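Working notes, beginning with the structure itself.
Quick caveat, the model's predicted, so the values are computed rather than measured. In what follows, every chain begins at residue 1, and chains take the letters A, B, ... in the order their sequences are listed.
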Amino acid sequence: MARWLVKSEPASYGWDDLVREGKTEWTGVRNHAAAANLRAMRKGDEVLVYHSMTGLEAVGIARVSRTAAPDPTAKEGPWVSVELAPVRPLAHPVTLKAMKADARLKDMAMIRQSRLSVSPVEDAEWAAILDMAG
DNA sequence: GCCAACGTTGGC
DNA sequence: GCCAACGTTGGC
């Protein structure tokens, strides 16, 4: 099972929205590298939900409940979306600052390339983040 | 095919 | 508000 991280601005769609709705179509990704990551997701993969712009912290764990399909919000192009369902919130959100300060996460994709909105998370990185989340 | 200009994202 | 990092566009 692979693990991932997705970014979202809570002002437009955040963890609380995902919990309230029970699942959501993760649309709007318009970057080829991020879209490739969406296509690589398999049902059951775990996904860390991170709040960008406001919050700047990982707040919860979701699960891929349906693999990539054409993004209904894209008029044309190769863009895809997946469906995500919430699993559980992190007991203590893990801030970007904390992630950057932790040597275990120095090679993490989202740290190395801050603009990438959908990125893979290695097993060791995932374990480190859960450790930091308490 | 190269590269400058411009737009967007996202952290600071 | 600024700037770095990228991606895209368009002139040549």
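When the side-chain nitrogen and oxygen atoms of A:Lys100 are compared with OP1 and OP2 of B:dG10, none of them lie within a distance under 4.0 Å. Using a 4.0 Å cut-off, no side-chain N or O of A:Tyr50 falls inside it from OP1 or OP2 of B:dT9.
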When you look at A:Leu48 and A:Leu90, which way does the side-chain contact (heavy atoms from CB on, under 4.5 Å) test go after all the steps? CA-CA 9 Å; A:Leu48 199 58; A:Leu90 297 182; 4.2 Å; yes

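For the pair A:Lys7 NZ and C:dC6 C1', the interatomic distance rounds to 12 Å; values are reported in whole Å. Between A:Leu116 atom CG and B:dG11 atom P there is a gap of 12 Å when expressed in whole angstrom units. Between the C1' atom of B:dT9 and the CE atom of A:Met110 lies a distance of 12 Å, rounded to the nearest Å. To the nearest angstrom, P of B:dG10 lies 11 Å from CG of A:Leu56. The nearest whole Å value for the distance from the NE2 atom in A:His51 to the P atom in B:dG11 is 12 Å. The interatomic distance linking A:Met99 (CE) with B:dG10 (P) rounds to 14 Å, in whole Å. Distance, A:Ile111 CD1 to B:dG10 P: 14 Å, rounded to whole Å.
The shortest distance between side-chain heavy atoms of A:Thr73 and A:Arg30 falls below 4.5 Å. Two residues are said to be in side-chain contact when any heavy atoms from C-beta on lie closer than 4.5 Å; A:Pro72 and A:Thr27 meet this criterion.
Residue contacts shown for A:Lys97 are absent, as no nucleic acid heavy atom lies under 4.0 Å away. In this structure, A:Leu96 reaches the sugar-phosphate backbone alone: every heavy-atom distance under 4.0 Å involves primed, P, OP1 or OP2 atoms, never a base.
Although no hydrogens or angles enter the test, the distance criterion places no donor-acceptor pair under 3.5 Å between the side chain of A:Thr24 and the main chain of A:Leu18. A distance-only check finds a donor-acceptor pair linking the side chain of A:Arg66 to the backbone of A:Ser81 [under 3.5 Å].
For the segment residues 27-37 of chain A, residues with any heavy atom less than 4.0 angstrom from an atom of DNA chain C are, sorted by number, A:Asn31, A:His32.
The cluster map of Ile, Leu, Val, Met, Phe, Trp and Tyr, joined by side-chain heavy atoms under 4.5 Å apart, puts A:Val6 and A:Val19 in the same cluster. Criterion: ILVMFWY side-chain heavy atoms under 4.5 Å apart, direct or through other members. Under it, A:Trp26 and A:Trp15 are part of a common hydrophobic cluster.
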